[in-house]
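Below is one structure, written out as structure tokens; the observations come after it.
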Amino acid sequence: MRSLILLIGSLITATAAERPNIVFIFSDDHALQAISAYGGRFKDIAPTPNIDKLAKQGAIFERSYCTNSICGPSRAVIQTGKHSHINGFIDNDNGRFDGSQPTFPKYLQKAGYQTAIIGKWHLVTQPQGFDHWEILPGQGSYYNPDFIQKDGGTKRFPGYCTDIITDKALDWLKTGRDKSKPFVLMCQQKAPHRNWSPAERHYKLFDGMDMPEPESLFDDYSGRSKLLGEQQMTIARHMMWANDSKLPGKPRNDTFLGGANGEFMRMDPEQKKAYEEAYRSENENLLARLEAGSIDDKELTRWKYQRYIKNYLRCVRAVDEGVGKLLDYLDESGLAENTIVIYSSDQGFYLGEHGWYDKRWMFEESLAMPFLIRWPGVVKPGTRSQALIQNLDYAPTFLDAAGVEVPSDMQGRSLLPVLKNEGKAPADWRKAIYYSYSGERTHNVAAHDGVRNDRYKLFHLPKTDEWQLFDLEKDPQELKSVHAESSYAPVLAEMKTIYQNLRQQYRVK
Ligand code: CA
């Protein structure tokens with residue numbers, strides 16, 4: 001009898017070991033340049049000690065890309081493991097996620113997992129396949145945010161959104177779940193999305209520091225399609241006076257856009273006072289220079305960049321603190337050993353590169369997604385992977401990790417063979433990724449789609465029927481398209497073949 005009990009006991013342990021929990025920590029618009037572990041110009045500045053810990057204790061993927069560099073579409077791809085044109089959520093302008101389709105949480109739920117999503121959802125329709133959810137309406141708010149409840153009602157919570165999402169995720173881990181089941185928790189932050197509003201405790205972080213500028217802050221868009229110059233996402237001319245740059249009153253300079261700061265309007269009087277006080281002296285200094293005409297447009301762009309990047313990194317700081325709290329709880333509770341922890345963000349972002357904020361373009365800064373994963377006993381600590389991966393792969397990976405067969409209609413691939421192989425791609429791994437942006441009204445970025453392999457990037461702009469080709473080894477900043485250079489003719493032909501093949505493989509019409 002005793003041996004039978006021991007046998008059953010060991011079987012249960014084996015099953016639990018084979019079915020890890022998954023904590024998926026996701027943020028919005030967190031560029032990998034703003035994670036210290038990725039290196040780059042903020043490597044000694046980005047306040048990410050806890051996210052960095054995942055790289056030390058697990059793996060960091062250096063060639064991780066999205067399929068479509070905007071919020072809703074990226075999330076729909078993660079839910080389904082299918083490209084935007086298949087899952088139907090093409091853009092944020094008209095997108096409504098068809099929640100009746102198969103998704104990874106539904107498959108995991110069927111396999112006995114507890115599933116939860118807390119925070120930013122951004123797929124318009126209500127979440128399906130989750131035992132628990134509590135989500136922000138649309139983009140949500142930084143200060144005193146509302147959350148949609150499972151009964152369909154909305155509740156407002158005082159405080160700072162990033163902290164509230166972290167605390168709600170912790171509450172669910174501690175008391176909300178059925179502890180007899182493995183679980184997947186999606187903890188999805190709104191930060192550091194525009195308008196980059198920091199927590200009060202971080203208002204003064206980086207004060208007095210001079211943040212490094214990207215070399216292409218004053219990009220003139222020469223050497224590439226003229227459509228690059230038509231976008232409306234420059235730091236120089238497309239930032240809002242109050243909303244983005246936290247300046248008081250109405251614009252007093254015509255390089256700024258108007259519009260109210262909706263976040264400020266949500267604050268209570270004490271929060272407003274602290275906010276105004278934090279920015280007061282820098283603001284007054286700028287207003288005086290504008291008044292005196294002693295700041296030119298170039299210097300003003302530099303000022304806007306500093307203001308933008310500091311607020312962005314302040315938002316990142318709170319996200320990282322939340323990661324720390326979750327990791328601490330996993331340690332304290334003993335869950336860490338059998339829990340996969342992932343940090344990712346829905347796409348990258350321009351932190352001044354090409355003179356931009358925002359995303360959409362297939363250039364590296366917004367095409368790249370951070371992807372760090374800790375999985376004790378499976379992922380070797382300190383792994384740096386060069387495998388070409390995409391958000392398309394998350395759903396298959398989650399299913400495979402849980403021992404659930406990956407449905408053949410999912411278009412991504414499980415990362416397990418890469419994870420178990422010290423980050424090295426197996427021989428039959430993809431050699432290129434496919435990307436497609438359908439064009440939205442916001443920011444006037446032209447539709448384009450293309451492919452990237454380990455060295456080159458090719459994309460096509462239907463509006464002008466132009467090809468753009470970049471040699472990422474010789475031109476990592478992507479400042480010159482070489483599509484028309486005769487020496488690149490064989491590369492262009494090869495990349496066009498890859499493009500046609502991937503479009504066919506992914507059933508792009
Ligand atoms: Ca986003």
Side-chain angles (χ1 to χ4, degrees), residues 24-35 38 51 64-80 83-84 87 89-97 117-124 127 135-142 145 161-162 165 186-197 231-233 238-239 243-244 262-263 308-309 311-313 315-316 318-320 322-323 342-353 356-372 390-392 394 435-443 445:
F24 179 72
I25 311 171
F26 198 57
S27 58
D28 198 331
D29 295 358
H30 191 177
L32 52 82
Q33 315 85 290
I35 294 175
Y38 273 101
I51 297 169
S64 156
Y65 301 105
C66 61
T67 52
N68 187 348
S69 185
I70 25 173
C71 302
S74 177
R75 288 151 204 268
V77 167
I78 290 171
Q79 288 289 310
T80 59
H83 275 281
S84 304
N87 72 48
F89 199 111
I90 310 280
D91 61 47
N92 287 332
D93 285 347
N94 309 299
R96 266 182 83 79
F97 186 63
I117 181 159
I118 293 161
K120 185 168 171 185
W121 165 248
H122 208 203
L123 289 174
V124 187
I135 56 168
L136 300 172
Q139 295 285 358
S141 304
Y142 275 105
C161 190
T162 305
I165 290 172
M186 304 183 85
C187 174
Q188 307 207 147
Q189 296 292 358
K190 165 191 174 53
H193 191 279
R194 192 181 183 189
N195 75 352
W196 320 296
S197 290
Q231 46 60 44
Q232 295 163 359
M233 48 189 263
H238 304 102
M239 279 197 148
N243 187 55
D244 296 328
E263 292 292 348
Y308 157 50
I309 217 67
N311 282 328
Y312 181 94
L313 290 173
C315 291
V316 167
V319 170
D320 187 78
V323 173
I342 290 168
Y343 183 81
S344 177
S345 190
D346 57 355
Q347 79 285 309
F349 213 67
Y350 297 97
L351 304 180
E353 298 88 358
W356 295 333
Y357 65 91
D358 211 72
K359 50 237 181 190
R360 302 164 204 280
W361 289 104
M362 202 191 161
F363 297 111
E364 290 295 279
E365 292 82 4
S366 63
L367 177 65
M369 297 170 79
F371 189 82
L372 302 97
Q390 288 193 280
N391 48 348
L392 201 59
Y394 296 3
Y435 176 87
S436 177
Y437 173 69
S438 69
E440 283 185 358
R441 289 187 299 274
T442 321
H443 297 300
V445 172

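Numbers here are sequence positions counted from 1. Remember, it's 1-based here, ligands and their atoms both numbered in the order they're listed.
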Checklist entry - Do T80 and F89 come close enough that some side-chain heavy atom pair is under 4.5 Å? => result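 The answer is no; the side chains never approach within 4.5 Å.
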Next on the checklist: Please check: side-chain N/O of R194 versus main-chain N/O of N243, any donor-acceptor pairing under 3.5 Å?
Outcome noted: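 Checked: no pair found.
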Next on the checklist: Suppose we only count N/O/S atoms under 3.0 Å; would S74 qualify as near the Ca ion (ligand 1)?
Outcome noted: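 S74 does not place any N, O or S atom closer than 3.0 Å to the Ca ion (ligand 1).
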Checklist entry - For the atom pair OH (Y65) and OH (Y435), what is the distance rounded to the nearest 0.5 Å? => result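 Spacing of OH (Y65) from OH (Y435) equals 13.0 Å.
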Item to check | Interatomic spacing from CZ in F26 to CZ in R75 - rounded to 0.5 Å | outcome: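 F26 atom CZ to R75 atom CZ measures 5.0 Å (nearest 0.5 Å).
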Next on the checklist: Between the Ca ion (ligand 1) and D29, which N, O or S atom of the residue is the nearest one?
Outcome noted: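 Result: OD1.
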Checklist entry - If you look at D28, which of its N/O/S atoms is nearest to the Ca ion (ligand 1)? => result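 The D28 atom nearest to the Ca ion (ligand 1), restricting to N, O or S, is OD1.
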Item to check | C71 SG and D346 OD1 subtending at the Ca ion (ligand 1) (10° steps) | outcome: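 Taking the Ca ion (ligand 1) as the apex, the two atoms subtend 140°.
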